[in-house]
Number of protein chains: 2
Amino acid sequence: MDFPLKDPLKRQSGSGPSPCAACTVRDWVFCSVLSEHELSRLDEMATHLDLSAKETIFNEGDEAKHLFNVTEGLVKLYKLLPDGREQVTGFLFAGDFLGIAMNDTYAYSAETTQPVKICRFKRSDLEQMFREIPKLENRMLNMATNELVQAQDQLLLLGRKTAKERLCTFLLSLSKRADKRGDSPTLVSVPMSRESIGDYLGLTTETVSRTFSKLKKENVLSLNKGGIVELHNLDDLMGLAEDST
Amino acid sequence: MDFPLKDPLKRQSGSGPSPCAACTVRDWVFCSVLSEHELSRLDEMATHLDLSAKETIFNEGDEAKHLFNVTEGLVKLYKLLPDGREQVTGFLFAGDFLGIAMNDTYAYSAETTQPVKICRFKRSDLEQMFREIPKLENRMLNMATNELVQAQDQLLLLGRKTAKERLCTFLLSLSKRADKRGDSPTLVSVPMSRESIGDYLGLTTETVSRTFSKLKKENVLSLNKGGIVELHNLDDLMGLAEDST
DNA sequence: CGGGATCTTGAGGATGCTCAACGCTAGTGG
DNA sequence: CCACTAGCGTTGAGCATCCTCAAGATCCCG
């Protein structure tokens, strides 16, 4: 186990005195239920970190001392089998919370895929805050519930969908997220590698690439510059995501 | 959508005046954090139901009015694709809680596999109780967290494991549950059909059956009468569950 | 003891994987 | 500013695992 964040001060982001108040993703995250006063207390607890691409945030099995909030960039969560096979359990974008699925140790590894800005909290600090602010605990339960629903959708995908259905489902979910952020739902940024997509969808790099090509040929999408995928018809895509016949 | 439990009184179990106090699974479920007084209040909220095999408890998309506690039998949770493909997201045994993964509507369907005894609570009643008893909400968050960890293990299984590894992982989890209940971890009851196992593991009935036969031939297990599987060596099985080479 | 459902086994086939080569692109350093 | 290169993406051929379809065996319940 390595502890890449052992000396966080060196890498702390140089933001102002109260980063939380200026946080661009504040309304999307669990902070949204807090008052100004509570927020400033959260501020004191938070360590703000800047990470570059391909850095390990923590490893599966590490003692779960921290919780995180991603404020910028892309984080990959994954589990490994002894022989190296990898299953990506999720991608975290700006505004996503990290650290729900765990007891005393992390149940998966977390690694940056792109440069990332992240707020780190001591677990004990947050748990103390939960006890004092019940609505915060309630918010956490809600978030856990949502994650569980998502995980179950992913079980259906991995257990029963074809390669084409899997990729269409994935693109659709990226589209929905983009829409929620206020970005275009048809010009979607796909910032992760083919390999990571494969590890998320239970496929190989090659099958992901081939399936992209097939969808391009069928005029479902275009592959633009800079990892931008243009989705030609979201309704069609929704059909393809559930039943590719 | 059908509502098979519309007239619960007809089917209420004939237990004594305070079934919760006599509940055989009490210590395993969320009730365990409650005092005697709180428990009797829970009693008043609960409806105790007896169901036979293959009954629908609720369907995916139904308004989530109730939460449940299974006290006896076996419940199957599943999701369907439009063309009928099925993914089982979990099996619930005595002591398991039902209703975590949902917001306003159920995210999956629930159906009895064997005759089942179940306690039903109105969601609004329980939520009121959560507000009054924070440790209950905390317990729910814990349970949700555990389910999430399990779901992620299942993602790894469905995305990256071979048929043999999947079946061994499944048998091992049944063995662990049996052990926790105080039953033998090597003489494990497998009360669900090959088809349900397949729908849980992302395989077909035939592949499940063939894989059982293969494991039998390799002397990993025996298939005894009455759906009892004898596991010959749990350590070997743990190896096979992660790496079948 | 009979019969329907479940389980097992077999043969053939399809989807997705492996191995391999090639093309593209972005980042680097001259 | 451009050429180089390493990593990533694409495409192809052959193959393995698991699926489909089908028939028989077994179990369990009435």
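Residue numbering restarts at 1 for every chain, and letters A, B, ... go by the order of the sequence lines.
Scanning DNA chain D 5' to 3' for nucleotides with an atom closer than 4.0 angstrom to a non-hydrogen atom of chain B gives a first and last hit of dC18(D) to dC28(D). Note that the first and last nucleotides of DNA chain C, 5' to 3', having any atom under 4.0 angstrom from a heavy atom of chain A are dG16(C) to dT25(C).
Applying the salt bridge (Lys or Arg N to Asp or Glu O under 4.0 Å) test to Lys76(A) and every residue at least two apart in sequence or in another chain returns Glu86(A).
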Please tabulate, for side-chain N and O atoms in residues 194-203 of chain B, each donor-acceptor pair with protein atoms closer than 3.5 Å (sequence neighbours left out).
from, atom 1, to, atom 2, distance (Å)
Ser196(B), OG, Ser193(B), OG, 3.3
Asp199(B), OD1, Arg160(A), NH2, 2.8

Could you list the donor-acceptor pairs under 3.5 angstrom formed between side-chain atoms of residues 222-232 of chain B and any protein atom two or more places apart in sequence or on another chain?
from, atom 1, to, atom 2, distance (Å)
Ser222(B), OG, His232(B), NE2, 2.7
Asn224(B), ND2, Glu230(B), OE1, 3.4
His232(B), ND1, Asn219(B), O, 3.0

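Judged by the 6.0 Å distance and 45° axis criteria, Arg181(A) is positioned over the aromatic ring of Phe93(A).
Looking at heavy atoms from C-beta onward, Leu221(B) lies out of side-chain contact with Leu237(B) at the 4.5 angstrom threshold. Between Lys79(B) and Asp153(A) there is a side-chain heavy-atom pair separated by less than 4.5 Å. Side-chain contact between Phe91(B) and Arg177(B) is absent, with no heavy-atom pair separated by less than 4.5 Å. At least one side-chain heavy atom of Leu171(B) sits under 4.5 Å from a side-chain heavy atom of Val190(B). Counting only heavy atoms from C-beta outward, the side chains of Cys168(A) and Leu215(A) approach each other to under 4.5 Å. A 4.5 Å side-chain heavy-atom check between Thr113(A) and Pro191(A) finds every atom pair outside the cut-off. In this structure, the side chains of Leu158(B) and Arg166(B) come closer than 4.5 Å at one or more pairs of heavy atoms.
Of the two residues near DNA chain C, Arg210(B) and Met192(B), the one whose nearest nucleotide lies more 5' is Met192(B). Of the residues near DNA chain C, Val208(B) and Gly226(A), the one whose nearest nucleotide (by heavy atom distance) lies more toward the 5' end is Val208(B).
Across all strands, Gly202(B) comes closer than 4.0 Å only to sugar-phosphate atoms, never to a base (heavy-atom distances). Backbone-only contact: Ser193(A) has heavy atoms under 4.0 Å from sugar-phosphate atoms and none from a base. Among the heavy atoms of the strands lying under 4.0 Å from Leu223(A) are primed sugar atoms or P, OP1, OP2 only; no base atom is included. Nucleic acid contact for Leu201(B): none, since no nucleic acid atom lies under 4.0 Å from a heavy atom of the residue. Ser209(A) comes within 4.0 angstrom of a base, heavy atoms only. Nucleic acid contact for Lys214(B): none, since no nucleic acid atom lies under 4.0 Å from a heavy atom of the residue. Looking at heavy-atom distances under 4.0 Å, Gly198(B) makes no contact with the nucleic acid at all. Lys54(A) comes within 4.0 angstrom of sugar-phosphate atoms only, judged by non-hydrogen atoms across all strands, and of no base.
Taking the C1' atoms of five terminal pairs at each end of the helix from dC1(C)-dG30(D) to dG30(C)-dC1(D), the two resulting helix axes are inclined by 50°, rounded to 10°.
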